[in-house]
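Because only heavy atoms are used, hydrogens play no part in the values below, and waters and symmetry mates are left out as well, while side chains stay in. Below, chains carry the letters A, B, ... as their sequence lines are ordered, and counting in each starts from 1.
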Amino acid sequence: MLKSHNCGQLREEHINQTVTLAGWVNRRRDMGGVIFIDLRDRDGITQVVINAGHSQATFDTAEQIRNEYVLQIKGTVGRRPEGQENAEMTTGDIEVTADEVTILNKAKTPPFAINRDHNVDETVRLKYRYLDLRRQKMQSNLIIRHKAIKFIRDFLDERGFIEIETPILFKSTPEGARDYLVPSRVQPGKFYALPQSPQQLKQLLMVAGYERYFQIARCFRDEDLRADRQPEFTQLDMEISFVERDDILNLIEELMKGMIKTASRLPLAWDEFPRLSYHEAMERFGSDKPDLRFGLELTDLSDIAAESGFKVFTDTVKAGNPVKAICVPGAASYSRKQIDDLEAIAKANGAKGMPWIMLKQEGGVKGFISKFFSDEQMNAIIERMDAKAGDLLLFASDSKWVVYAALGALRTEMGTRLGLKDTGTLGFCWIVDFPLFEENLENGFYAPSHHMFTAPKPDHIPMLDSDPASVLSDQYDLACNGFEVAGGSIRIHERGLQRKIMELIGFSIEEAKEQFGHLLEAFEYGAPPHGGIAPGIDRLVALMAGEPNIREVMAFPKTAQATDLMSESPSFVAQQQWDDLHIQPAKAM
RNA sequence: GGGGGCGUGGUGUAGUGGUUAACACGCCGGCCUGUCAAGCCGGAGAUCGCGGGUUCGAUACCCGUCGCUCCCGCCA
């Protein structure tokens, strides 16, 4: 090795030892006759001292050194002079006096500062990702990620899980997200697909008798990107045989707690993860991934609104839809502009408008809908919402989905604006008892709300015949701070039930055989009851690192346009490559 | 597919319908033997993303376009 110690390693106990360090120049301070170099490697930073009186050749070399040069330093560890210690540095009590300085490599001045944590345009960061990743913050993020994954592997190994790799080249299915396709060279006209998740394969591993499987699995979805969505991302994919829902919830809860204790920058907001039904989450928070770190809950006012003189509300309730509101404390002083901003959020989420009522500090109410309510009705609203003078009430009346979306978005926005979220903590909750089917029929058939292998709750199975729309499933999600961080379900392992579900969703035997034939056939050879879950590693690590998007915890992420600014991919390919793959462009490019 | 925001020396920002586009950091040179965001002195560095329009005059206003970003749709 070109070094004997790491740069974060040396302490008082090493004093008088001769050491060799190697790393990058974090900063150079040239005092004329003495030069200080902060030498940085992944482990930390050590101050190196180069004295003019010590060795002229070494000093001459040090004069030429610039930031980010790669150096090897041979020298002696010494105690810093009295009063010169740096309490900010873990190595701040010592320094290395250089006997020899070797420039292992020079470096151009980087396009942005490596030695400083400051905002840099993300275009530049992504183009020079290798320099961005050199920054302490990014190294720390990737180390959190490593620790999390290491914890997961150890935790699951101790509990009898085995890690099995599944193919990246697999089969396209029209269900779900858009597939990334890979044309076959040896099978003209045919395509592989990159897996959206190893869903089918892990179920087949259950049929194969592996009982407890996991994989740190790369997944691919060709959909538009978001702060928490990349075209390729990593899931902790898991499946367990002979398992019941609560076994999985309890296991994952223990795993999350251990992982956060081991790897997370932020602590848990609370120890036990609350379990909410999907219905309760939507009604109270307008989201199936609610941020429970603050209140501002949705309140149903349909009954009072139905008696009001406001036609929009009365019509809504007559149509069987809700009128709901949230109470924003202290926001009655909001300006027209601020209200307009909030209304824009409601509209962006499908609402046609955002009626509001201000409870004036000096008493009385303001807002054009207030005149449609009697004093009695207004008091009932205020009482039910536990509102006080100075508060602002924001309403939504529409289909319940629009009401959830609009008020859910407003709730999140106001939670941020008013600083109600404890942003330094992680607030987990389980969402359970999802509907088995989407509410709206598609072409006269039900659509699965998760996927077609999700099992109904056992005591709801009879309702598949009488009232399919009301059937709840053994599907569950884990949410944290308003993000979905895991989703899973107990699967259907029994053929008759699977056939019934396929009939309800209008899936013919022929279609099923075409797409899932291997899986359905496998289920006829003794499939054990099984279920699983898939936590999203990128989202969890971003949350644990306190980062606002998952690019900050991925080494080489893509832009919102799904490009890589460093390698400039995707890229055009030679005509020969098209020919080899038996494909051609749809039009001249 | 739709909507919002941003784009000014290497980096981060300021700025204005009108003379030479300002500041900090960085960079280059000089001084300096105890600094640690070193300090002091001097210097270089910007066709204000690109194209078009309005105007006597555009970095600024308008349109388009490209890039980055956030959101809706989409993501079983």
Side-chain angles (χ1 to χ4, degrees), chain A residues 26-39 45-54 59 63 66-68 78 80-89 91-92 95 97 108-128 131-132 173-179 196-197 199-200 219-231 233 341 344-351 402 405-406 409 412-413 434 436-438 442 446-454 473 475 484 487 489 505 507 515 536 548-549 551 558-561 563 565 568:
Chain A
N26 195 59
R27 210 169 248 118
R28 187 184 76 123
R29 292 178 294 279
D30 186 342
M31 314 304 296
V34 59
I35 296 173
F36 296 96
I37 288 172
D38 289 341
L39 194 69
I45 293 176
T46 297
Q47 173 164 286
V48 176
V49 190
I50 297 139
N51 255 295
H54 194 63
F59 191 80
E63 294 267 49
R66 295 292 180 271
N67 282 349
E68 300 308 315
R80 291 200 188 185
E82 185 84 28
Q84 303 287 331
E85 301 86 357
N86 187 338
E88 307 282 300
M89 300 173 73
T91 59
E95 61 191 7
T97 302
K108 287 164 65 173
T109 301
F112 51 86
I114 311 294
N115 55 19
R116 205 154 59 96
D117 188 25
H118 68 134
N119 284 338
V120 180
D121 186 88
E122 200 161 355
T123 313
V124 184
R125 291 180 57 199
L126 289 173
K127 182 176 176 187
Y128 299 96
L131 295 179
D132 190 36
T173 54
E175 307 295 307
R178 201 176 291 114
D179 282 324
Q196 298 173 24
S197 80
Q199 182 63 35
Q200 296 179 41
C219 305
F220 305 87
R221 294 179 190 173
D222 188 2
E223 297 291 348
D224 287 342
L225 288 78
R226 288 283 193 287
D228 62 347
R229 280 168 25 191
Q230 283 271 311
F233 60 100
D341 284 351
I345 293 169
K347 285 182 170 172
N349 284 278
V402 170
T412 302
E413 175 68 20
F434 282 76
L436 184 62
F437 299 116
E438 299 283 346
E442 276 178 26
Y446 290 93
S449 71
H450 187 46
H451 58 58
M452 61 183 282
F453 306 110
T454 301
S473 71
Q475 185 201 332
E484 181 191 328
S489 63
I505 65 177
F507 219 67
Q515 287 179 35
N549 70 67
R551 295 186 300 278
K558 290 177 179 59
T559 67
Q561 303 308 314
T563 64
L565 297 177
E568 297 183 317

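- For the C1' atoms, the distance linking B/G26 with B/U65 amounts to 33 Å, nearest Å.
- Applying the Watson-Crick and G-U wobble criteria (two distances, each under 3.5 Å), B/A14 pairs with nothing in any strand.
- Taking atom P in both B/C66 and B/A22, the straight-line distance is 33 Å, to the nearest Å.
- If you check B/C27 for Watson-Crick or wobble pairing at under 3.5 angstrom, you find it paired to B/G43.
- By the side-chain contact (heavy atoms from CB on, under 4.5 Å) test, A/Ala560 is found to be paired with no residue, residues two or more places apart in sequence or in another chain being considered.
- Side chain of A/Thr91 to main chain of A/Ile45: a donor-acceptor pair is present (N/O by atom type, distance under 3.5 Å, no hydrogens or angles).
- Among B/G12, B/U33, B/C68, the nucleotide with an atom closest to any side-chain atom of A/Asn51 is B/U33.
- For A/Ser449, there are no side chain to side chain donor-acceptor pair (under 3.5 Å) partners two or more places apart in sequence or in a different chain.
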### Query
Nucleotide by nucleotide, 5' to 3', does protein get under 4.0 Å of the base (B), only the sugar-phosphate (S), or neither (-) in nucleotides 35-42 of chain B, counting heavy atoms?
BBSB----
Below 3.5 Å is the cut-off: list the nitrogen or oxygen pairs between protein and nucleotides 73-75 of chain B, distance only.
| unit_1 | atom_1 | unit_2 | atom_2 | d |
| --- | --- | --- | --- | --- |
| B/G73 | N7 | A/Arg226 | NH2 | 2.9 |
| B/G73 | O6 | A/Arg226 | NH1 | 2.9 |
| B/G73 | O6 | A/Arg226 | NH2 | 3.4 |
| B/G73 | N1 | A/Asp224 | OD2 | 2.7 |
| B/G73 | N2 | A/Asp224 | OD2 | 3.2 |
| B/C74 | O2' | A/Glu223 | OE1 | 2.6 |
| B/C74 | O2 | A/Arg229 | NH2 | 3.0 |
| B/C74 | N3 | A/Arg229 | NH1 | 3.1 |
| B/C74 | N3 | A/Arg229 | NH2 | 2.9 |
| B/C74 | N4 | A/Arg226 | NH2 | 3.3 |
| B/C74 | N4 | A/Arg229 | NH1 | 3.2 |
| B/C75 | O2 | A/Arg229 | NE | 3.4 |
| B/C75 | O2 | A/Arg229 | NH1 | 3.1 |
| B/C75 | N3 | A/Arg229 | NH1 | 3.2 |

### Query
Given the rule in the side chain to side chain contact (heavy atoms under 4.5 Å, CB included) test, do A/Asp132 and A/Leu126 qualify, once you have shown the distances and angles that lead to the verdict?
CA-CA 7 Å; A/Asp132 190 36; A/Leu126 289 173; 5.8 Å; no
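- Position along RNA chain B of the nearest nucleotide to A/Arg551 versus A/Gln199 favours A/Arg551 as the more 5'-ward residue.
- B/U35: no Watson-Crick or G-U partner with both key distances under 3.5 Å is found in any strand.
- Of the C1' atoms belonging to B/G10 and B/U69, the separation is 22 Å, rounded to the nearest Å.
- Only the C1' atoms considered, B/C48 is 13 Å distant from B/A14, to the nearest whole Å.
- Residues forming a side chain to side chain donor-acceptor pair (under 3.5 Å) with A/Thr173 (at least two apart in sequence, or on another chain): none.
- At a threshold of 4.0 angstrom between heavy atoms, the contacts of A/Ile35 with the nucleic acid are absent.
- Applying the ring pair (Phe, Tyr, Trp, His ring centres under 6.0 Å) test to A/His54 and every residue at least two apart in sequence or in another chain returns nothing.
- Using a 4.0 Å heavy-atom cutoff across all strands shown, A/Thr454 reaches no nucleic acid atom at all.
- Side-chain contact check for A/Gln230 versus A/Leu225: some heavy-atom pair is nearer than 4.5 Å.
- To the nearest whole angstrom, the two C1' atoms, one in B/G51 and one in B/G45, are 26 Å apart.
- Comparing A/Phe112 and A/Gln561 against RNA chain B, the residue whose closest nucleotide sits nearer the 5' end is A/Phe112.
- A/Gly53 comes within 4.0 angstrom of a nucleotide base, judged by non-hydrogen atoms across all strands.
- The salt bridge (Lys or Arg N to Asp or Glu O under 4.0 Å) search around A/Lys127 returns none, not counting sequence neighbours.
- Using P as the reference atom, B/C36 and B/G43 are 25 Å apart when rounded to the nearest Å.
- Across the C1' atoms, B/G34 and B/C23 are found 31 Å apart, a figure rounded to whole Å.
- For A/Arg229, there are no side chain to side chain donor-acceptor pair (under 3.5 Å) partners two or more places apart in sequence or in a different chain.
- Listed by first and then second residue, the salt bridge (charged side-chain N to carboxylate O under 4.0 Å, His left out) pairs that reach into residues 30-39 of chain A are A/Arg28-A/Asp30, A/Arg29-A/Asp38, sequence neighbours excluded.
- Using C1' as the reference atom, B/G53 and B/G17 are 15 Å apart when rounded to the nearest Å.
- Applying the side chain to side chain donor-acceptor pair (under 3.5 Å) rule to A/Asp341 yields the partners A/Lys337; only residues at least two apart in sequence or on another chain are considered.
- Put simply, the side chain of A/Gln475 never gets that close to the backbone of A/Phe434: no donor and acceptor are under 3.5 Å apart.
- A sub-4.0 Å separation between OP1 or OP2 of B/C68 and a side-chain N or O of A/Thr563 is present.
- Under the ring pair (Phe, Tyr, Trp, His ring centres under 6.0 Å) criterion, A/Tyr446 pairs with A/Phe437, sequence neighbours left out.
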Extract from the structure each pairing of a protein N or O with an N or O of nucleotides 27-30 of chain B at less than 3.5 Å, listing the distance.
| unit_1 | atom_1 | unit_2 | atom_2 | d |
| --- | --- | --- | --- | --- |
| B/C28 | OP1 | A/Arg66 | NE | 2.9 |
| B/G29 | OP2 | A/Arg66 | NH2 | 3.1 |

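- When both distances must be under 3.5 Å, the Watson-Crick or G-U wobble mate of B/C74 does not exist.
- Across all strands shown, B/C6 pairs with B/G67; the Watson-Crick or G-U wobble distances both stay below 3.5 Å.
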